[in-house]
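Chain A is the first sequence line, chain B the second, and so forth, proteins listed ahead of strands; every chain is numbered from 1. Just so you know, these numbers use all the heavy atoms, side chains as well, and skip hydrogens, waters and symmetry mates.
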4 protein chains.
Amino acid sequence: MTNTGINNGQLRSIVERIEHVQAEIEDLKSGEKEIYLESKSAGFDPKIIREIIRLRKKDPNELSEHEQLVQLYLEALGPLPLFEHAAE
Amino acid sequence: MTNTGINNGQLRSIVERIEHVQAEIEDLKSGEKEIYLESKSAGFDPKIIREIIRLRKKDPNELSEHEQLVQLYLEALGPLPLFEHAAE
Amino acid sequence: MTNTGINNGQLRSIVERIEHVQAEIEDLKSGEKEIYLESKSAGFDPKIIREIIRLRKKDPNELSEHEQLVQLYLEALGPLPLFEHAAE
Amino acid sequence: MTNTGINNGQLRSIVERIEHVQAEIEDLKSGEKEIYLESKSAGFDPKIIREIIRLRKKDPNELSEHEQLVQLYLEALGPLPLFEHAAE
DNA sequence: GGTTTATCAGTTCCTC
DNA sequence: GAGGAACTGATAAACC
């Protein structure tokens with residue numbers, strides 16, 4: 001037997017558990033992909049669907065004090081222009 | 001009622017199904033993260049664990065192919081020095 | 001001489017040119033970091049500064065036909081609620 | 001005039017200086033990308049080139065340290081099999 | 001196949 | 001200095 005100073009059983013258990021959960025994740029992703037394909041068949045634009053999902057994830061209530069600070073700085077920079085891409 | 005020309009029920013169904021499967025994926029990812037934390041508590045290096053997982057996913061053949069190419073390029077660059085940190 | 005089938009001089013040239021441009025990038029990043037430190041000394045919040053920079057990068061003119069499609073889908077999903085985090 | 005309590009000129013200067021250095025960085029990155037494309041045209045594998053660059057950046061000592069740890073873990077998991085794709 | 005997008009790992013910075 | 005958050009860089013995936 002080779003004693004590596006490592007608890008082999010524990011390591012093996014950890015690795016296998018991670019691999020197992022990753023396999024489950026892969027299955028779910030396959031399912032998700034199928035739904036997108038299905039939506040395409042139904043005449044929807046998957047790209048738009050994706051954006052819908054993304055938008056719905058965002059918390060619309062984002063007027064925190066942080067946002068207020070950002071606003072303050074923006075105002076300090078002047079009303080406009082907000083950006084100057086053409087100015088280079 | 002606003003008729004948008006879209007089958008609302010079908011769209012809603014699709015969106016909700018996707019969101020549901022995504023929620024499940026998130027749960028599994030949380031579980032995975034916990035296992036990594038647990039491995040850390042047990043004295044393992046999560047970074048190494050990750051690499052182990054990665055290696056086990058790969059086909060050993062393509063692995064060696066890649067390694068051989070790297071070796072070939074390194075040799076073409078000359079035997080040494082491999083790097084020149086002191087040369088700045 | 002070891003003939004690897006590789007144009008060594010060309011490979012070396014490519015590698016060194018990339019390393020050179022990367023070194024220049026690193027210098028510039030150092031400069032950027034200094035400006036952030038300076039802004040901190042001047043009493044500004046670097047975190048907010050970063051967000052300002054990010055906002056100014058975005059093109060405010062984002063009302064494309066794409067956005068309109070998204071809007072159409074959102075409307076089809078119903079006026080509200082836009083998202084349902086609590087519904088899980 | 002709106003007095004926000006912020007030194008507007010100073011803030012503006014900081015923001016513009018950061019944006020300027022970031023623009024320079026972007027230019028250099030574009031140049032780097034071109035070199036990679038060029039290397040591809042010359043028959044080199046950009047992925048391998050990237051790894052070469054990465055290896056040359058690393059201290060060879062810490063590199064072998066890492067490798068040794070990976071090896072130790074792999075051995076602890078048992079001689080073989082390294083992976084079990086067929087076992088599902 | 002090639003371009004763009006999204007996910008992911010790695011690094012760094014900041015906080016406690 | 002340990003943990004967590006933000007940014008960057010790289011891999012993988014999706015659309016054309």
The single option from B:His20, B:Gln22, B:Arg17 passing side-chain hydrogen bond (donor to acceptor under 3.5 Å, both in side chains) against A:Glu32: B:Gln22
5' priority, DNA chain E, between C:Leu37 and A:Ile25 [closest heavy atom]: A:Ile25
Nucleotide F:dC7, atom C1' - distance to CD1 of D:Ile18 in whole Å: 14 Å
N or O in side chain of C:Arg50 less than 4.0 angstrom from E:dT12 OP1/OP2: no
Axis-to-axis angle between the two ends of the helix from E:dG1-F:dC16 to E:dC16-F:dG1 (five base pairs per end, rounded to 10 degrees): 10°
Interatomic distance, C:Ile48 CD1 vs F:dA6 P [rounded to whole Å]: 12 Å
Whole angstrom value for the distance that separates P of F:dT11 from CD of A:Gln22: 18 Å
Integer-rounded Å distance: E:dC13 P and C:Glu32 CD: 11 Å
Same cluster (ILVMFWY, side-chain, under 4.5 Å), D:Ile53 and B:Leu69: yes
d(NZ, B:Lys47; P, E:dC8) in whole Å: 19 Å
A:Arg54 vs E:dA6: side-chain N/O to OP1/OP2 distance below 4.0 Å: yes
Heavy-atom pair of closest approach, residues A:Ile49 and A:Phe44: CD1-CB, 4.0 Å
Exceeds 12 heavy-atom contacts within 6.0 angstrom, atom NE2 of B:His66: yes
A:Lys29 side-chain N/O to E:dT7 phosphate OP1/OP2 under 4.0 Å: no
Among A:Val15, A:Ile6, A:Asn8, the one residue meeting side chain to side chain contact (heavy atoms under 4.5 Å, CB included) with D:Tyr73: A:Ile6
Distance in angstrom units between A:Leu28 CG and E:dT7 P, rounded: 15 Å
Separation of F:dG4 P from B:Lys33 NZ (nearest whole Å): 10 Å
Rounded distance (Å) that lies between atom C1' of E:dT11 and atom CD of C:Glu26: 11 Å
